[in-house]
Structure formats: structure tokens, C-alpha cells
*Asks:* 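Questions regarding the structure given below will be posed in turn.
Labels below follow one simple rule: chain letters A, B, ... track the order of the sequence lines, proteins then strands, and each chain is numbered from 1.
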Amino acid sequence: MPELPEVETVRRGMEAAMRGRPIAGVTVRRADLRRALPVDFAARVTGRVVRGIRRRAKYLLLDLDDGTVLIIHLGMSGRISIVPADAAAAEGAHGKHEHVVFAVGNGTEVRFSDPRRFGLMALTTRDEEDGHPLFARLGPEPLDPAFDGAALAARLAGKRTPIKAALLDQRVVAGLGNIYVCESLFMSGISPRRLARTVQGERADRLAKAIHQVLEAAIEAGGSSLRDHAAPSGELGYFQHHFKVYDREGAACPHLGCSGTVKRLVQSGRSTFFCPTCQR
DNA sequence: CGTACACCCTGGCCGC
DNA sequence: TGCGGCCAGGGTGTAC
């Protein structure tokens with residue numbers, strides 16, 4: 001589920017709940033996520049104060065006061081919910097898929113649930129973070145000011161794979177997933193089947209700009225969902241967002257003056273949605 | 001090296 | 001109501 005904008009929204013919500021507060025307790029119900037949690041996971045995290053929370057690609061990084069960095073990835077179905085102290089105290093049973101629960105100093109609970117268990121948690125340190133295997137091969141952050149058409153074109157140079165597959169590769173750009181790749185290609189008028197190495201020059205400029213706009217708009221939508229998330233569940237990162245082509249097979253192309261229809265095709269095992277008329 | 005594909009896991013939905 | 005098949009917003013290991 002979560003791509004860069006959703007992870008960013010989760011980051012903001014978690015930071016509001018945890019920053020400057022100690023992790024008073026950790027309950028691990030299932031340690032067998034995509035990777036097994038370290039055996040001493042709870043011991044290494046308990047009692048530490050959360051100094052801040054960063055995001056790298058689709059990873060959340062919690063900076064703890066002793067230099068430990070708690071890495072969280074939500075996978076496909078991972079969710080974080082913030083449960084206020086009174087609600088946490090009133091509730092008895094926990095959800096079937098709530099694998100890890102952090103009790104924050106003020107009684108708030110931060111709960112990680114993940115039915116498919118493609119998510120993960122890991123521990124590293126500030127000093128060792130840069131060389132960490134999870135981050136070593138990640139491409140540039142698409143919202144970094146240095147990410148422009150030229151930077152993107154350089155990453156795509158020589159690639160014989162379709163642009164759709166190239167953009168899903170986290171070594172090319174870090175943080176895009178199936179939805180926002182489809183949306184960015186639509187906005188820039190580029191066919192998902194076009195070979196990556198042919199996206200150069202002005203075309204790469206358009207694509208880089210579209211990626212930026214699509215992500216920023218989604219983060220903005222997530223931000224507003226955060227502001228009115230008096231939602232009882234306290235669940236972060238899921239907000240109503242309107243997609244132009246994603247999951248809209250058969251709909252009329254939303255581009256003014258285009259009489260095309262949104263089509264679905266499968267590329268490297270994943271659905272692609274696009275308008276064959278205005279994406280070339 | 002780059003690319004293609006199976007696989008990890010569970011749940012929801014659709015058609016029969 | 002039950003059941004099989006297919007789908008799902010991610011990432012990695014392995015085979016060419």
C-alpha cells in the first residue's frame with residue numbers, strides 16, 4: 001500500500017505522537033515479519049527517547065537518544081495507528097495482525113499491524129546507517145531539489161527495460177510505487193512501454209516534473225487527512241486521494257480533449273493503467 | 001552486468 | 001454459504 005507520500009504522512013503523524021517522549025514499553029506479538037526482529041529488539045528500544053523521525057525512500061527511521069536508529073518498512077499491508085491513552089486503556093483485545101505495539105511515555109500506543117507481513121523492523125545506529133544494506137543501493141529522493149530531468153535521464157541511460165519497470169526500481173528513484181508511477185507517466189504523457197533509455201532531454205524533464213507534482217499533491221492530501229484525522233482508529237497514511245488513471249480501467253481519459261480510454265496491462269507482473277491515446 | 005520472474009503472506013472480492 | 005481463482009500500493013533471491 002504505502003508509497004512515498006503515504007510513508008511521509010505516517011512519519012508526520014508518528015512524529016507528533018512520539019517526538020521527545022520515551023518508549024515506555026514494547027510488545028512484540030509476532031517477530032517473524034519479512035525479516036525476523038532481533039531477539040533483543042524490545043530491550044534495545046525500551047526506555048529510549050525518540051529524538052525525531054526521518055524518512056528515506058519508503059523507510060521510516062526513528063532516531064533514539066542513544067544513537068540507535070529504528071528502521072520500519074510497511075511493505076504492502078503495513079499500517080501504523082496512534083491510539084490515545086484512554087482508548088488504549090479501555091480496549092482489551094488487540095487486532096489479529098497487530099504485531100508490534102509501542103507504549104509511549106504518556107500512555108499513547110503506536111501500533112504496527114501488517115496482515116501480509118511483508119513489512120520489517122530493524123535496528124542500526126547513526127554511525128552505521130549509511131552503509132546499511134537496506135539503504136546502500138537506493139537511488140535519489142525524488143523530492144530532493146537535486147532531482148531534475150538531467151538526474152533522472154542519467155539514471156535511465158542505457159536501460160532496455162520499459163520506463164514503467166525502471167521507475168519501480170528503487171535504485172533508479174527511491175520511493176515510487178505502482179500507483180505514483182502510473183500517475184506520473186500519465187501526467188507527463190509518456191507510454192509505460194517506452195524503453196527507459198529513450199526518456200532523455202525534454203521528455204525526462206517532463207517526467208521529473210510530473211513525479212514531483214504527483215508526489216507533492218499526494219503529500220498535501222495526506223497532510224489534510226492528518227489535520228482532520230479525528231478518525232477513531234487513529235490510523236495514519238490512508239487518505240482519500242483521487243487518481244487519474246490508477247485502477248480506472250475503462251474510464252474516459254481525464255485529459256481535456258482526449259477521447260481515449262484508460263487501459264490496463266500487466267508489466268513485470270504488476271498492473272499498469274494508462275491512456276494509449278495521449279501517452280506515447 | 002542487466003533483465004525477468006517466482007516467491008514471501010494474508011485477505012477481499014468475484015463468479016460459480 | 002462455500003470454494004476456487006485472481007487480485008493487491010513491496011522487495012528480494014535466483015536464473016538466465
Side-chain angles (χ1 to χ4, degrees), chain A residues 1-11 29-37 55-60 71-80 94-100 112-122 132-139 142 154-186 192-199 211 214-215 217-219 221-222 225 235-250 264-274:
Chain A
M1 94 69 190
E3 304 184 31
L4 187 155
E6 290 78 19
V7 176
E8 178 59 26
T9 301
V10 171
R11 186 194 70 75
R29 295 206 170 68
R30 278 199 82 145
D32 57 333
L33 306 180
R34 193 175 97 216
R35 330 170 120 192
L37 262 67
R55 179 191 57 74
R56 172 78 175 107
K58 300 171 194 168
Y59 293 91
L60 295 159
I71 303 168
I72 300 178
H73 193 285
L74 299 174
M76 291 275 264
S77 59
R79 296 165 184 233
I80 295 283
H94 287 88
K96 181 180 174 188
H97 299 293
E98 281 182 0
H99 307 312
V100 180
F112 170 83
S113 67
D114 185 6
R116 292 173 75 177
R117 305 203 317 279
F118 288 170
L120 68 83
M121 291 194 196
H132 197 284
L134 289 173
F135 307 135
R137 301 183 325 167
L138 288 177
R155 290 269 166 176
L156 298 174
K159 289 202 164 289
R160 298 166 180 280
T161 194
I163 185 65
K164 162 77 191 304
L167 292 177
L168 281 177
D169 184 342
Q170 302 296 295
R171 293 168 297 184
V172 173
V173 194
L176 296 179
N178 206 31
I179 292 180
Y180 296 109
V181 165
C182 291
E183 295 293 302
S184 300
L185 288 172
F186 173 73
R193 291 193 266 225
R194 171 178 282 278
L195 289 192
R197 61 176 177 180
T198 71
V199 178
I211 289 170
V214 163
L215 294 179
I219 289 172
S225 83
E235 184 168 302
L236 300 172
Y238 288 81
F239 41 86
Q240 283 304 354
H241 194 60
H242 174 74
F243 303 118
K244 301 248 193 263
V245 288
Y246 183 81
D247 204 21
R248 296 183 57 85
E249 183 181 17
R264 171 182 181 270
L265 69 98
V266 176
Q267 293 178 289
S268 42
R270 321 265 321 254
S271 289
T272 299
F273 299 90
F274 73 117

*Asks:* Find every protein N or O atom lying less than 3.5 Å from an N or O atom of nucleotides 5-9 of chain B, and list the pairs.
*Replies:*
unit_1, atom_1, unit_2, atom_2, d
B/dC9, O3', A/Arg117, NH1, 3.2
B/dC9, O2, A/Arg116, NE, 2.9

*Asks:* Go through the structure and list residues passing side chain to side chain donor-acceptor pair (under 3.5 Å) with A/Arg35, not counting sequence neighbours.
*Replies:*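 Here no residue qualifies.
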*Asks:* Using the P atom as the reference point in each nucleotide, state the distance between C/dG9 and B/dT3 in Å, no decimals.
*Replies:*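 Comparing P positions in C/dG9 and B/dT3 gives a spacing of 22 Å.
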*Asks:* Taking side chain to side chain donor-acceptor pair (under 3.5 Å) as the definition, give me every residue that meets it alongside A/Arg197, ordered by chain and number, with sequence neighbours left out.
*Replies:*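 In terms of side chain to side chain donor-acceptor pair (under 3.5 Å), with neighbours along the sequence ignored, A/Arg197 is linked to no residue.
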*Asks:* Taking only the side-chain nitrogens and oxygens of A/Gln170, find out if one of them lies under 4.0 Å from OP1 or OP2 of C/dG10.
*Replies:*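 For C/dG10, neither OP1 nor OP2 has a side-chain N or O of A/Gln170 closer than 4.0 Å.
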*Asks:* Look at the side-chain N and O atoms of A/Thr161 and state whether any lies under 4.0 Å from the OP1 or OP2 oxygen of B/dA4.
*Replies:*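 Checking A/Thr161 against B/dA4: at least one side-chain N or O falls below 4.0 Å of OP1 or OP2.
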*Asks:* Less than 6.0 Å separating the ring centroids of A/Tyr59 and A/Phe135?
*Replies:*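 Centroid separation for A/Tyr59 and A/Phe135: below 6.0 Å.
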*Asks:* Below the 4.0 Å mark, does C/dC7 have OP1 or OP2 next to a side-chain nitrogen or oxygen of A/Ser271?
*Replies:*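 So the side chain of A/Ser271 is outside the cut-off, no N or O lying under 4.0 Å from OP1 or OP2 of C/dC7.
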*Asks:* Run the side chain to side chain donor-acceptor pair (under 3.5 Å) test against A/Arg155 and tell me which residues pass, sequence neighbours left out.
*Replies:*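 Applying side chain to side chain donor-acceptor pair (under 3.5 Å) to A/Arg155 gives none.
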*Asks:* Let me have DNA chain C in dot-bracket notation, would you? Count Watson-Crick plus G-U wobble pairs, both distances under 3.5 Å, and use [ ] for pairs crossing earlier ones and | for inter-strand partners.
*Replies:* .|||||||.|||||||
*Asks:* Does A/Arg171 make a side-chain N or O approach to OP1 or OP2 of C/dG11 shorter than 4.0 Å?
*Replies:*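 Negative; the distance criterion is not met.
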*Asks:* Show me, pair by pair, the donor-acceptor contacts under 3.5 angstrom made by side chains of residues 158-166 of chain A, not counting sequence neighbours?
*Replies:*
unit_1, atom_1, unit_2, atom_2, d
A/Lys164, NZ, A/Asn178, OD1, 2.8
A/Lys164, NZ, A/Ser271, O, 3.3
A/Lys164, NZ, A/Thr272, OG1, 2.8

*Asks:* Is A/Lys58 near enough to C/dG11 that one of its side-chain N or O atoms lies under 4.0 angstrom from OP1 or OP2?
*Replies:*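 For A/Lys58, the contact criterion (side-chain N or O under 4.0 Å from OP1 or OP2 of C/dG11) is met.
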*Asks:* Who are the side chain to side chain donor-acceptor pair (under 3.5 Å) partners of A/Thr198, not counting sequence neighbours?
*Replies:*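 Partners of A/Thr198 by the side chain to side chain donor-acceptor pair (under 3.5 Å) criterion, ordered by chain and then number, come out as A/Arg194.
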*Asks:* Quick test of your reading of the model: are A/Asp114 and A/Arg79 salt-bridged, counting only N-O distances below 4.0 Å?
*Replies:*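 Salt bridge absent between A/Asp114 and A/Arg79.
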*Asks:* Quick one: is C/dG9 close enough that its OP1 or OP2 comes under 4.0 Å of any side-chain N or O from A/Tyr180?
*Replies:*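 Answer no for this pair, as no side-chain N or O of A/Tyr180 is under 4.0 Å from OP1 or OP2.
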*Asks:* Any pair with a residue in residues 165-186 of chain A that passes salt bridge (charged side-chain N to carboxylate O under 4.0 Å, His left out), sequence neighbours left out, goes on the list, sorted by first then second residue, please.
*Replies:*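 Listed once each, the pairs are A/Asp169-A/Arg171.
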*Asks:* Taking only side-chain N and O atoms of A/His97, does any of them lie within less than 4.0 angstrom of OP1 or OP2 on B/dT10?
*Replies:*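 No.
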*Asks:* List for me each residue that meets side-chain contact (heavy atoms from CB on, under 4.5 Å) alongside A/Ala154, sequence neighbours excluded, and say none if there are none.
*Replies:*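 Scan of A/Ala154 (side-chain contact (heavy atoms from CB on, under 4.5 Å), adjacent residues dropped) gives none.
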